[in-house]
Amino acid sequence: MFWWYREIMKKILSNTFASYFLAVVLAFIASGVFIAAMGYNPLKAYQTILFTSFRTVNGFTQTLLKFIPLTLLAFSFTVPYKTGKFNIGGEGQFLMGAIGATAVGILGANLPTYILLPLVLLGGIVMGGLWGLIPGWLLYQFKISEILTTVLLNFVSFALVNYIATAVWGDPTAGHPTTLPIGDGGHLPMLVGNPPLHSGIIILLLVAVGIYYFTDRSTLGYDIVATGANPRAASVYGINTRVMFVLGLLIAGALAGLGGAIEVAGIQHHLIEGMHSNFKILGIIIGLISGGSSLAVPFVAFFISILEVGASAMQRTLMIPIEVVYIVEALVLLFVLLSDVVRRR
Amino acid sequence: MTSGHEVILQMQEICKRFDTLQALDHVNFELRAREIHGLLGGNGAGKTTLMNVLYGLYREDSGEIFLKGKKIAVNSPKDAIRYGIGMVHQHFLQIGSFPVVQNIVLGTSVKNRFTLNLDYEAGKIKELCQRFSIEVDPFANVNELPMGTRQKVEILKALYRGVDILILDEPTTNLTPQEVDALFQTLKVMVNEGLSIVFITHKLREVMSVCDRITLLRNGQNVTTIDRRAATEEELVRGMVGETMDVSKSVIFSKGASEQINRSLSERVVLEMEKVHCVSEQGIELLKNITLRVHEGEIFGIAGVAGNGQLELAEVIVGIRPISAGEIKVYGKSSSQMISSDLLREGITYIPEDRLEDGYLPKATVAHNLILGAHRQEPYSKKGFINWRKVYEVSKELIKEYNIKTSGPADTAANLSGGNIQRVMIARAFAHAGDSLLVAHNPTRGLDIPSMDFVYHKLLERKRQGYSTLLLSEDLDELLLLCDRLGVMYRGELVGILNRDQFEKYEIGRMMSGVKRNL
């Protein structure tokens with residue numbers, strides 16, 4: 001009786017893109033049930049969530065500003081994921097990057113832009129990379145699970161931010177733990193003045209292309225993919241898999257650290273306690289929805305950015321709690337992962 | 001003598017489909033009382049699948065099973081045993097540290113439930129042993145027994161449960177020729193005692209020597225069922241391989257044709273092992289005092305019952321496993337300090353035994369798999385970047401030449417079946433095999449007959465080009481067919497090396513069970 005349904009499903013499931021699209025639609029329908037149950041109009045909520053980013057220039061700029069750190073955090077998950085390792089420490093590496101950038105920005109406050117800005121960004125990359133290298137080294141030397149170490153290092157980084165933003169360079173006039181501002185030379189130049197859009201987007205696009213070439217085109221990327229696909233076989237055929245694990249985590253830390261540096265240099269100009277809370281584990285969610293594909297990450301990150309910006313607008317205009325969007329995001333992830341399982345059957 | 005007996009089991013029009021593969025296509029099978037019925041066919045013919053259906057491990061999609069005229073439904077091995085059907089698998093399901101009697105009674109109810117005193121059960125086992133003239137000590141630990149005896153334990157397991165139909169899946173794998181003879185004797189006794197036996201095999205000689213009737217399958221379909229006395233080898237060969245293969249040009253069915261190839265040893269030594277020892281992290285000696293030389297243009301075989309150090313031998317040669325003492329030289333250069341990536345550069349290629357664990361990247365694409373190990377070499381990569389266009393080009397050619405069933409180079413490798421995975425291993429090895437040494441461990445496992453023959457052709461072609469191969473195999477026939485010289489391993493030791501003119505099956509069998517021979 002349901003032959004037509006079966007045929008249609010078969011067609012959809014044979015196409016990766018179509019099946020993911022279906023998963024997203026299903027996620028929206030399912031979360032609509034929650035929204036309706038809470039007494040709000042789901043259609044209005046969807047409209048706000050999906051179209052805020054495109055209705056005004058400001059909305060679009062906000063989306064791009066979210067898009068930059070989210071993409072970098074997502075890459076910081078997918079690169080180690082390709083080697084078969086799970087980096088749960090994107091947040092911590094992001095914050096360490098912010099610390100590094102801020103430290104350089106404060107210490108070299110009087111340097112001109114063409115010296116200070118690269119140093120600020122480099123400070124972020126180095127500190128983030130270090131925060132990725134520590135779990136990498138623990139894994140290499142003692143075989144300690146990177147899941148454990150990356151999660152725990154997050155807490156260390158939270159405390160470090162707090163310490164630096166109060167005891168080291170704390171700004172006594174601020175009501176919240178915040179450091180002094182970094183030198184003007186450390187600010188990312190603006191592409192557009194109003195609404196403000198900084199040039200971090202250009203850096204991001206270059207990085208995204210670079211990551212794609214690295215993971216999908218280079219021999220080192222091949223080594224990484226082979227390691228993730230079957231470490232034993234990879235090592236039998238001459239790939240040093242343990243080095244690949246470390247390399248993956250190091251790159252992950254550097255990417256997340258760059259994200260933190262761009263956030264400091266482009267938007268905040270200070271180190272602020274809790275500045276990562278806008279991103280949380282979204283990097284991991286984006287990475288998982290992308291299935292680890294470097295090509296898919298920017299697109300998924302952009303989609304999630306739309307949801308995030310839409311969600312704030314929804315809260316402002318419709319008084320619907322922002323948490324609704326977390327439900328949508330979680331369900332998208334769930335349905336996408338589910339569609340992978342169904343497809344394999 | 002037994003052909004007059006009544007039919008006790010019938011399988012009619014059995015179909016079974018796995019995904020896109022029609023494993024069984026309207027197969028009929030009929031077993032008479034007190035006969036040894038050979039179920040013959042190459043890999044992938046559907047022999048094991050058919051019997052797994054009968055034993056309740058698989059559920060048939062359609063078709064019917066009749067036992068003594070009554071229709072039965074077998075949903076689990078438990079059902080099968082209730083109907084008196086037992087099966088001995090190729091890989092034994094035994095707990096090595098348990099004594100024989102515990103292995104046999106496992107899963108049945110015992111008399112002294114709380115004290116677990118198994119004397120009564122051991123007595124029953126001894127009776128069975130006497131009746132079927134099998135020699136097994138019920139209180140011996142299973143892991144101390146030779147392969148042939150472990151198999152008898154497996155047969156006893158079925159007999160203990162009172163089956164009267166016994167299915168044996170490739171029972172001669174891993175047995176020495178002597179053990180094979182003993183097994184055949186046991187089978188004949190069992191038939192005289194009233195059992196009916198299904199004997200699954202791909203070896204023609206075995207069915208010809210022990211079976212009463214033969215059912216031949218190919219690609220999941222019936223080819224024929226005939227009386228052994230009416231069958232000729234020619235006819236069975238043709239039936240096994242089908243029309244696609246030219247039997248007259250095959251290596252497998254050639255009678256001494258491969259003798260024409262030059263068998264004299266070259267002076268140049270490619271691989272030299274001198275008193276090599278290998279001790280595991282737990283302190284177990286895996287390799288003891290191995291000394292051998294593989295010359296240029298030689299196929300050097302390693303025979304032995306599985307698990308006697310062949311895997312470790314292969315691994316120390318390709319540099320995955322460190323040696324504890326001794327020396328390994330490749331073209332006169334000591335390789336003790338080299339790891340696998342260095343040896344790849346020296347031109348050593350490896351076909352691992354455990355293809356899934358040691359040789360395959362299931363989550364990557366077929367193309368990834370086809371260049372694994374060669375991905376740092378031209379033309380596949382240049383200046384740190386992979387030339388995917390070239391890789392795909394080569395991959396497409398390999399897929400065609402090696403008859404790999406896949407949708408293309410970009411297909412996810414996990415989608416391939418076992419035989420096709422093996423073809424990927426083979427294609428990769430031969431496409432990138434350097435001019436020094438190919439280490440091939442059970443390279444034809446899981447391949448159908450034409451593909452096996454193809455591999456043999458490739459190995460002989462390497463030989464003709466002057467390249468060397470170290471061939472480790474569980475299949476003695478394969479070794480006898482191809483090798484110039486043959487080393488036999490037993491418990492990590494090389495008990496002897498034979499030249500081709502010294503090849504004699506029973507002599508090798510004696511060596512496989514540990515009898516030393518003066519080198």
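Throughout, a chain's letter reflects where its sequence line sits, starting with A, and its residues are numbered from 1.
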Legend entry - N/O donor-acceptor pair under 3.5 Å between B:D358 side chain and A:R232 backbone: no

Legend entry - Distance-minimising heavy-atom pair for B:R376 and A:T219: NH1-OG1, 3.9 Å

Legend entry - Which atoms of B:L356 approach chain A - backbone, side chain, both or neither, heavy atom under 4.5 Å: backbone

Legend entry - By side chain to side chain donor-acceptor pair (under 3.5 Å) - contacts of B:E353 (at least two apart): B:N442

Legend entry - Separation between CG of B:L361 and CD1 of A:I239, rounded to the nearest 0.5 Å: 7.5 Å

Inset, instruction - Can you check whether anything in residues 379-388 of chain B gets within less than 4.5 Å of chain A, heavy-atom wise, and list it by number? - result: B:S381, B:G384, B:F385, B:I386, B:W388

Legend entry - Within 6.0 angstrom of B:F18 CZ, more than 12 heavy atoms from elsewhere: yes

Inset, instruction - Mind ranking A:V225, A:L220, A:N240, A:D223 by heavy-atom pairs under 4.5 Å with chain B and telling me who comes out on top? - result: A:D223

Inset, instruction - Grab the two heavy atoms, one from A:A229 and one from B:A364, that are nearest each other, plus how far apart they are. - result: CB-N, 3.9 Å

Legend entry - ring pair (Phe, Tyr, Trp, His ring centres under 6.0 Å) against A:F75, all qualifying residues, sequence neighbours excluded: none

Legend entry - Heavy-atom pair with the smallest gap, counting every atom of B:Y350 and A:V236: CD2-CG1, 3.7 Å

Legend entry - Polar side-chain atom of B:Y360 near backbone of A:A233 as donor-acceptor pair, under 3.5 Å: no

Inset, instruction - Measure distances from B:R428 to the heavy atoms of chain A and classify the residue's part below 4.5 Å as side chain, backbone, both or neither. - result: side chain

Inset, instruction - Not counting sequence neighbours, which residues clear salt bridge (Lys or Arg N to Asp or Glu O under 4.0 Å) with B:E474? List them please. - result: B:R445

Legend entry - Between OH on residue A:Y237 and CD1 on residue B:I371, distance to nearest 0.5 Å: 13.5 Å

